[in-house]
Protein chains: 2
Amino acid sequence: MVLDCLSDPIRLAIVYQLAQQERVSSELCCGDFSGLGGKSNLAYHFAKLRECGLMQTRLAGTNRFMRLRREDLDARFPGLLDAVISSAARDADRLQLLSGCDLVKVD
Amino acid sequence: MVLDCLSDPIRLAIVYQLAQQERVSSELCCGDFSGLGGKSNLAYHFAKLRECGLMQTRLAGTNRFMRLRREDLDARFPGLLDAVISSAARDADRLQLLSGCDLVKVD
DNA sequence: TCTCATGTTCAACGTTTATTGAACTATTCG
DNA sequence: CGAATAGTTCAATAAACGTTGAACATGAGA
């Protein structure tokens, strides 16, 4: 399930963006990914990412803030997330969907 | 492409079995995977694994021997293969398809 | 309260995917 | 040569997937 989740370019871009955000130890809300697709399409991908345990959602008012479930993932699939993220970073310029992902929430 | 390839249980089982075989530095031929499905179905999965660069096929008479493209994969996606293999090994008993994969070619 | 903004859910659609069996190619061995 | 073995290719089918827009739910703010 996890590998299938990560194999979709949009979901990989979401995970990649969440991983970048990890450094700042803050979260991202759905709207921050609007560059990757329409709202309903993103909601579909968010659901898949939640189902397979890749990310977690925190409700705050009308926003939903999400973050990677880094610890759980590293415990269950050691090294997988880092390998995927670093490979994604390496090819970021080749993937249209990932270009611009280094941008941090403008706020 | 690689992640999508690895997300299928049959292909993951094939890769896992090939990884086990790596230790003995020998190869496996198509028939060795007959426990995972029918011939034509396996040929379909083999083609996908070849297309995304996960494995290589060597023709020898009427047999086709295959092996993981370990070096190329480690160069392009560092740590990915090891992470996937070790996670697969960890859950091997939970996955029906992977049970019995530790068996080495009987010959 | 009324309205706007943020997300989710649902139904519909076209595409891709995995699986099957039959037909086919090619090699070995008698 | 003829039969058997090892795999691939092809066509058909059913299921799963990604995408879209419309409808819905919910909280914030005037």
- Message: Taking any heavy-atom pair under 4.0 Å as a contact, classify B/N41: base, sugar-phosphate, or nothing.
- Response: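 Answer is base: heavy atoms of B/N41 come under 4.0 Å of a base.
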- What nucleic acid atoms does B/G38 come within less than 4.0 Å of, heavy atoms only: base, sugar-phosphate, or nothing?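 No contact.
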Nearest-neighbour nucleotide for the [X] side chain, [options] considered:
X	options	result
A/C29	D/dA22, D/dT19, C/dG7	C/dG7
B/K39	D/dG18, D/dA6, D/dT19	D/dA6
A/A43	C/dT28, C/dA18, C/dT8	C/dT8
A/S40	D/dA22, C/dT17, D/dT8	D/dA22
A/C30	C/dA18, C/dG7, D/dT19	C/dG7
A/R11	C/dG7, D/dG18, C/dT19	D/dG18

- Determine, step by step, whether A/V15 and A/M55 satisfy the side chain to side chain contact (heavy atoms under 4.5 Å, CB included) criterion, reporting the C-alpha distance in whole Å, the side-chain angles of both residues, the deciding distance to 0.1 Å, and the verdict. CA-CA 8 Å; A/V15 167; A/M55 65 178 222; over 6 Å; no
How many whole angstroms separate atom [atom1] of [X] from atom [atom2] of [N]?
X	N	atom1	atom2	answer
A/L6	D/dC17	CG	P	15 Å
B/M66	D/dG7	CE	P	7 Å
A/I14	D/dG18	CD1	C1'	13 Å
B/F65	D/dA6	CZ	P	11 Å
A/E51	D/dA16	CD	P	14 Å
A/L59	C/dG7	CG	P	10 Å
A/L49	C/dG7	CG	P	15 Å
B/L42	D/dT5	CG	C1'	16 Å

- Does the pair A/E27/A/R58 count as a salt bridge with the N-to-O cut at 4.0 Å? yes
- Could B/R70 and B/D82 be called an ion pair, given the rule that one side-chain N must be under 4.0 Å from one carboxylate O?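 B/D82 and B/R70: salt-bridged.
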Is the phosphate of [N], meaning OP1 or OP2, less than 4.0 Å from a side-chain N or O of [X]?
X	N	value
B/R50	D/dT8	yes
A/N63	D/dG27	no
A/H45	D/dC17	no

- Task: For B/N63 and B/F65, indicate whether the former's side chain and the latter's backbone hold a donor-acceptor pair under 3.5 Å.
- Result: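 Answer holds: no.
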- Message: Checking side-chain polar atoms at under 3.5 Å, does B/R69 have a donor or acceptor matched by the opposite partner on B/Q56?
- Response: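 Looking only at side-chain atoms, B/Q56 and B/R69 do not form any donor-acceptor pair under 3.5 Å.
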- Task: Please figure out whether A/A60 or A/Y44 has its closest DNA chain D nucleotide nearer the 5' end.
- Result: A/Y44
